[in-house]
Amino acid sequence: MEFTVRHINWLAPEYSESVWQLREDVLRIPLGLSLRNEDLSRDKTNEIFIAESQGKVIGCVFMEPKSPVQIQLRAMAVDHDWQGKNVGRALVSAAEAFSRSAGYRQISLHARKAAMGFYTALGYLAIGDEFREVGIPHFMMEKWLG
Ligand SMILES: CC(C)(COP(=O)(O)OP(=O)(O)OC[C@H]1O[C@@H](n2cnc3c(N)ncnc32)[C@H](O)[C@@H]1OP(=O)(O)O)[C@@H](O)C(=O)NCCC(=O)NCCS
């Protein structure tokens, strides 16, 4: 099935209508958590990339500037029915292209241990020790943009 990737920000209607629910369904409900208990104000500074198919948001990733040269990839989620179909790869590719053209040199992220293989396939390297976030093991990963 076809899908497209689009760059938005928090003011776009999709942010509150569909992206919130996708993050809730994919990243929080399986852990017994809810975005309702979180401060999402940092989202307003983020560049957001969404994947859509037939008008439905099926994936998202957020890019948060950390310094003039470093940007953090976060809130990476693909609809359960679409996982393993290259939607995640296309989202990261669009986020990387944006980051490169905006002058960032490095992308960092907090990878869930279970998702490390995904980021490794896309050229990210793990650094440092395991830590816990949202109750599960994570590793810091990074990629230098050529
Ligand atoms: C992890 C996630 C974002 C990957 O997106 P996706 O669309 O399913 O992945 P893609 O189909 O684009 O896969 C790209 C590559 O990564 C690999 N990959 C994907 N998920 C993987 C995983 N969990 N472990 C190991 N490798 C994985 C694929 O095999 C593929 O490699 P290949 O091209 O060499 O075969 C998605 O599965 C997801 O939303 N998972 C649940 C939430 C989550 O863990 N988010 C990340 C939080 S840090």
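Counting convention: from 1, in listed order, for ligands and their atoms alike. Small disclaimer: the values here were computed from a predicted structure and weren't measured.
Other residues, nucleotides and ligands contribute over 12 non-hydrogen atoms within 6.0 Å of the CZ atom of R100. Within 6.0 Å of CD on Q54 lie no more than 12 heavy atoms contributed by other residues, nucleotides or ligands.
Considering only residues two or more places apart in sequence or on other chains, R112 meets the salt bridge (charged side-chain N to carboxylate O under 4.0 Å, His left out) condition with none of them.
Proximity of L27 to ligand 1, defined as any heavy-atom pair under 4.0 Å, is confined to the side chain (atoms from C-beta onward). At a heavy-atom cutoff of 4.0 Å, ligand 1 is contacted by no atom of M116, backbone or side chain. With a 4.0 Å heavy-atom cut-off, ligand 1 is reached by the side chain of Y119 but not by its N, CA, C or O. Here H110 has backbone heavy atoms under 4.0 Å from ligand 1, and that is the only part of it that gets that close.
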Decide yes or no on side chain to side chain contact (heavy atoms under 4.5 Å, CB included) for D79 and F3, but give the supporting numbers first. CA-CA 12 Å; D79 182 292; F3 65 88; over 6 Å; no
Let me see the working for F62 and W10 under side chain to side chain contact (heavy atoms under 4.5 Å, CB included), right down to the final yes or no. CA-CA 10 Å; F62 287 40; W10 73 283; over 6 Å; no
Test side chain to side chain contact (heavy atoms under 4.5 Å, CB included) on L145 and R105; report intermediate values, then the result. CA-CA 5 Å; L145 299 172; R105 307 283 308 281; 5.8 Å; no
Using the side chain to side chain contact (heavy atoms under 4.5 Å, CB included) rule, take R89 and L122 through it: C-alpha gap first, then chi angles, then the decisive distance, then the call. CA-CA 7 Å; R89 182 189 286 279; L122 302 187; 3.5 Å; yes
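Nearest protein heavy-atom contact of atom 13 (O) of ligand 1 is F118 CD1, 3.9 Å. Given atom 11 (O) of ligand 1, the protein heavy atom at minimum distance is N86 N, 2.7 Å. The single protein non-hydrogen atom nearest to atom 3 (C) of ligand 1 is M76 CG, 3.6 Å, given as residue, atom name and distance. Closest to atom 23 (N) of ligand 1, if we only count protein heavy atoms, is A114 O, 3.1 Å. At the top of the distance list for atom 39 (O) of ligand 1, counting protein heavy atoms only, stands V78 N, 2.9 Å. Of all protein heavy atoms, the one lying nearest to atom 8 (O) of ligand 1 is G84 N, 2.8 Å. Closest protein heavy atom to atom 7 (O) of ligand 1: G88 N, 2.8 Å.
Using a 4.0 Å threshold on non-hydrogen atoms, atom 26 (N) of ligand 1 counts as touching the protein. The protein reaches atom 21 (C) of ligand 1 closely, with a heavy atom under 4.0 angstrom from it. Closer than 4.0 Å to atom 18 (N) of ligand 1 lies at least one heavy atom of the protein.
Residue contact check: V26 has heavy atoms under 4.0 Å from atoms 39 (O), 41 (C), 42 (C) of ligand 1. Counting the atoms of ligand 1 from 1 in the order shown, those under 4.0 Å from a heavy atom of A77 are 39 (O). Of all atoms in ligand 1, numbered sequentially from 1 with element shown, those under 4.0 Å from a heavy atom of R112 are 44 (O), 47 (C), 48 (S).
Across I48, N46, L73, L109, a single residue satisfies side chain to side chain contact (heavy atoms under 4.5 Å, CB included) together with M63, and that is L73.
A salt bridge links R23 with D43: the distance from a Lys NZ or Arg NE/NH1/NH2 to an Asp or Glu carboxylate oxygen falls below 4.0 Å.
Between the OG atom in S93 and the CZ atom in F98 there is a gap of 14.0 Å [rounded to 0.5 Å].
The same ILVMFWY cluster, assembled from side-chain heavy atoms under 4.5 Å apart, contains both I107 and M141.
Considering only non-hydrogen atoms, atom 34 (O) of ligand 1 lies nearest to R89 out of R89, Q83, E133.
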